[in-house]
Amino acid sequence: MKFIHTADWQLGMTRHYFDEDGAARFSEARETAIRRIGEVAREQDAQFVVVAGDVFEHSMSRPRTVRRALEAMKTISVPVFLLPGNHDPIGVESVYRSSIFVAEKPDNVHVIENETPFLVDSHVELVGIPWTSKQMIEDRVAACLRALPPADGRLRVMVAHGQTAGMGDLNNLGRIDLDAVDDAIRAGRLHYLALGDRHSTTRCDDAGRVWYSGAPEPTDYDEDDPGNVLLVDVDRRAVTVTRIPVGTWRFLEETLQLRQREAVSQVRALLAGVADKQRTVVKLHFAGTIGLDDQLALDEFLNEQRQVFGAIERHLHRDRLAIMPPTGGFEDLKVSGYAREALDELLSEATQEGPNDGPFHDALALYYRLARGV
C-alpha cells in the first residue's frame, strides 16, 4: 500500500522581510506545491495523501487563501486527508468550519475531526489525532494507542502533529512518547506514524515507520532538509520511505568579513553565485571594517538586489562593523549652526562608543546620508 505523507503547508504564511511582490510569489509557491504533490501521487500510484497538520498558517485564514487552497487540492486525483494542527486547530472558529471551506470543499478532501478510525478501503485504516486548541495538555498519541483494538489484519496508519519527547520545549505536556509508538509497532497495532510540526524531513525510529515529512516548501533558515514529501510503501512486514523533492524556495544565511574599499565587490561576488535568485531569501551578517562612503554604496547595491531576490534580510544590530569616516572626513558636508552642533555631538558619542556598531554609529551614518541628500 502506497501513500503520500506531507505536512506543514502553512498556507497563508507571511514574512516581514517580503515586499508585496515577494510575498505574492512565496504564497503562490505554496499553492503550486499542492499541485506538485498531486502529480507525485499520480506518478507513484499512491492511494491517498495525508497532511499531518498545519495545512493553514492561521485558523482565521483569508477567503482568498482558503479558496485557492481548495482549488489546488481539487487537482489531486486521490483522497486527501487533512489533520488540524496547532496553527489551524479544529474548533468553533476553525478554518475547516468556515462557510467558504464547507461550501467549496471538493469531494476528495476529508478533514480528520476526531480520533475515530477511518477505513480508507477494506484493508487500510487511518487514525488521526487532531488538535482542538492551540495547546496539547497530554500525549494524545499514547492515549489513543492504548485504546486502539488489534488491527485485525488491516494496515493501520496514524497521523499526528507535534514534538516528540527529547526535542523542543521540555515543559510541553503534549510531547509524543516514541517508546509507546515503538511498542505499538512491535505489537502489530500500528504500521506507520505520519508526523507533522518539524519542517525538516526526519526519520524518528530504527524501523523506519515513524517520520516527519517536513514542509513541502521551506519556511526558515534553520531547517535542515525541507522541501520534500514522502512516498510511503508499507505492509505488515516491511516499509520503504522515499524522499521526493517538491520545494522551489531556499533560505540562505551568510556571514561576510568585509574589507575596506572591497565591501561592495565582496557582496556582489557572493550574491552573483546564488542560483534562482527570485526564489531565494538571504540573511546577511557583516563584520570587519568599512568606510562610510562604502557603506552607502553597499546599501544602494543591496536595495537594487532586493528587486532581484525573493528577499534580502539584514539585522543591523547583529553586524560587527567598524565604520570609518568618509574620505576627507565630514568637512565636505559644509553644515553649520544646529546641524553642525548635532554632527559634533554624534562624532563625540560615536568615538566613545568604540569601533564596533552601535546606535551613534547608525545615527552618524544616517546623518551623512541626509546631509548628502541620499
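Quick note: numbers below take in every heavy atom, side chains included, and nothing from hydrogens, waters or symmetry partners. Here, residue 1 is the first one in the sequence, and each next residue gets the next number.
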Shortest non-hydrogen separation from V50 to L126 and the atoms involved: CG1-CD1, 4.0 Å
Ring centroid separation H199 to Y212 under 6.0 Å: no
Nearest heavy atoms of C144 and M158, plus distance in Å: SG-CE, 3.9 Å
Pairing residues for R97 by the salt bridge (Lys or Arg N to Asp or Glu O under 4.0 Å) criterion, not counting sequence neighbours: E113
Contacts of R243 that satisfy side chain to side chain contact (heavy atoms under 4.5 Å, CB included) - sequence neighbours left out: T201, W211, D225, N228, L230
Which atom of A7 lies closest to which atom of P216, heavy atoms considered: O-CD, 3.1 Å
F56 and W9 aromatic centres sub-6.0 Å: no
Side chain to side chain contact (heavy atoms under 4.5 Å, CB included) against T240, all qualifying residues, sequence neighbours excluded: D233, T242
Under-4.0 Å salt bridge between R30 and E217: no
Nearest non-hydrogen partners of L252 and Y221, listed with the distance: O-CE2, 3.3 Å
Residue pairs passing the side-chain hydrogen bond (donor to acceptor under 3.5 Å, both in side chains) test where at least one lies in residues 137-153, sequence neighbours excluded: E115-R140, E138-R140
Beyond-backbone contact of D88 with D54, side-chain heavy atoms, under 4.5 angstrom: yes
Whichever hydrophobic residues join Y338 through chains of side-chain contacts under 4.5 Å: none
Residues which pass salt bridge (Lys or Arg N to Asp or Glu O under 4.0 Å) with R62, listed by chain and number, not counting sequence neighbours: none
Pairwise side-chain contact, R314 with L302, heavy-atom cut-off 4.5 Å (strictly under): yes
Donor + acceptor pair across side chains of E223, T219 (<3.5 Å): yes
Side-chain donor or acceptor of R306 paired with backbone N/O of I312 under 3.5 Å: yes
Check ion pair R209-D205 (N to O, under 4.0 angstrom): no
W131/Y96 aromatic ring centres below 6.0 Å: no
